[in-house]
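This report refers to the structure that appears directly beneath it.
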Amino acid sequence: MRVPRLTVVLALSLGFTLACGIDLDREQGVSLPDQIDEISWGHIKSNVALEDGEEVRAFYDNSVTLDGTDIALVTNRRVITHRNSNTTALYLSEVTSIQRVDDVIGDAIEVTAEGGRMVRVPIAPMNGIDTFENILRSARAAYE
């Protein structure tokens with residue numbers, strides 16, 4: 001009896017996922033503040049120094065294992081990326097352009113600020129790039 005190839009591929013994928021320790025209870029994708037779980041709030045608090053009165057508007061963890069090593073935030077004041085232990089923040093009041101561009105897998109949002117400073121936020125397909133972009137543009141509009 002031959003096992004269909006699709007069954008083998010699915011079994012190997014599941015085995016790989018479990019071996020990597022991916023938490024299947026947590027969902028990947030852009031999250032609004034009321035959707036951010038406690039683990040993600042922990043990543044925000046330990047990796048990003050929010051200013052007094054700063055409020056998170058959107059959160060995205062781009063790491064495969066959702067371990068907080070590659071996150072992006074939109075707040076009421078800044079767009080922030082934290083990648084490879086480096087945090088970059090651009091104040092929304094200084095943003096000069098927001099563009100969606102093609103990325104290796106899916107799309108990314110490139111945000112440029114005065115002086116040519118820039119951050120790139122890659123968002124995997126079907127993970128809510130439209131939501132992230134809309135929130136970013138709305139937050140930015142408050143400074144126009």
Side-chain angles (χ1 to χ4, degrees), residues 2-50 54-144:
R2 293 185 65 164
V3 178
R5 288 184 185 173
L6 180 59
T7 304
V8 172
V9 170
L10 290 175
L12 288 173
S13 297
L14 179 61
F16 179 75
T17 299
L18 294 175
C20 289
I22 296 173
D23 186 353
L24 297 175
D25 292 336
R26 297 182 64 217
E27 292 184 30
Q28 193 161 9
V30 172
S31 298
L32 303 178
D34 64 335
Q35 299 168 316
I36 301 173
D37 62 26
E38 288 301 316
I39 295 171
S40 296
W41 278 116
H43 295 318
I44 294 168
K45 290 175 184 172
S46 64
N47 295 321
V48 178
L50 294 177
E54 194 169 20
E55 301 170 357
V56 174
R57 300 282 170 87
F59 169 82
Y60 179 66
D61 190 334
N62 195 39
S63 61
V64 174
T65 57
L66 303 177
D67 63 3
T69 57
D70 186 354
I71 62 175
L73 298 169
V74 175
T75 73
N76 58 323
R77 296 182 189 158
R78 304 182 290 169
V79 57
I80 305 165
T81 60
H82 176 79
R83 197 172 285 123
N84 301 321
S85 301
N86 295 311
T87 301
T88 303
L90 302 177
Y91 282 94
L92 296 173
S93 60
E94 299 175 353
V95 169
T96 57
S97 74
I98 300 169
Q99 290 185 300
R100 189 184 296 205
V101 296
D102 289 333
D103 197 43
V104 177
I105 299 177
D107 291 335
I109 298 173
E110 288 183 347
V111 183
T112 306
E114 295 169 357
R117 294 172 296 128
M118 179 182 264
V119 295
R120 175 182 266 237
V121 180
I123 298 181
M126 300 186 306
N127 273 252
I129 192 167
D130 292 330
T131 301
F132 194 92
E133 183 179 18
N134 289 340
I135 291 169
L136 175 59
R137 288 185 184 282
S138 293
R140 169 62 184 104
Y143 291 94
E144 292 180 340

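Every pair passing side-chain hydrogen bond (donor to acceptor under 3.5 Å, both in side chains) that includes a residue from residues 135-144 is listed here, sequence neighbours excluded: Glu133-Arg137.
Between the side chain of Thr112 and the backbone N or O of Gly116 there is no donor-acceptor pair closer than 3.5 Å. Put simply, the side chain of Asn47 gets close to the backbone of Gly68: a donor and an acceptor are under 3.5 Å apart. Counting only distance, with no hydrogens or angles, the side chain of Asn84 and the backbone of Asn86 share no donor-acceptor pair below 3.5 Å.
Side-chain contact check for Asp37 and Ser40: at least one donor-acceptor pair (N or O, by modelled atom type) lies under 3.5 Å.
A salt bridge is defined here as a Lys NZ or Arg NE, NH1 or NH2 lying under 4.0 Å from an Asp or Glu carboxylate O, and Arg117 with Glu94 meets this definition.
Glu114 is linked by a salt bridge (charged side-chain N to carboxylate O under 4.0 Å, His left out) to nothing, counting only residues two or more places apart in sequence or in another chain. Residues passing the side-chain hydrogen bond (donor to acceptor under 3.5 Å, both in side chains) test with Thr88: none are found, sequence neighbours excluded. For Ala72, the side chain to side chain contact (heavy atoms under 4.5 Å, CB included) partners at least two apart in sequence or on another chain are Thr81, Val121, Phe132. Contacts of Asn127 classified as side-chain hydrogen bond (donor to acceptor under 3.5 Å, both in side chains), with partners at least two apart in sequence or in another chain: none. Take Ser93 and apply the side-chain hydrogen bond (donor to acceptor under 3.5 Å, both in side chains) test, not counting sequence neighbours, and it matches no residue. Annotation: side-chain hydrogen bond (donor to acceptor under 3.5 Å, both in side chains) contacts of Asn76 (sequence neighbours excluded): none. Remark: Arg78 pairs with Leu50, Glu51, Glu54, Thr75, Ile80, Ala89, Tyr91 by the side chain to side chain contact (heavy atoms under 4.5 Å, CB included) rule, at least two apart or across chains.
The shortest heavy-atom contact between Arg83 and Asp70 is NE-OD1, 3.0 Å. Nearest heavy atom pair, residue Val30 against residue Gln35, reads O-OE1, 4.2 Å. Scanning all heavy atoms of the two residues, the minimum distance from His43 to Asp67 falls at CE1-O, 3.1 Å. When all heavy atoms of Pro33 and Val56 are compared, the pair lying nearest together is CG-O, 2.9 Å.
Residues Met118 and Leu90 fail the side-chain proximity criterion, which asks for heavy atoms closer than 4.5 Å. Pro125 is listed as a side-chain neighbour of Ile105, based on a closest heavy-atom distance under 4.5 Å. Residues Val79 and Leu136 are in side-chain contact: their nearest non-hydrogen atoms beyond the backbone lie under 4.5 Å apart. In this structure, Glu55 and Arg57 have side chains that are in contact, with non-hydrogen atoms separated by less than 4.5 Å.
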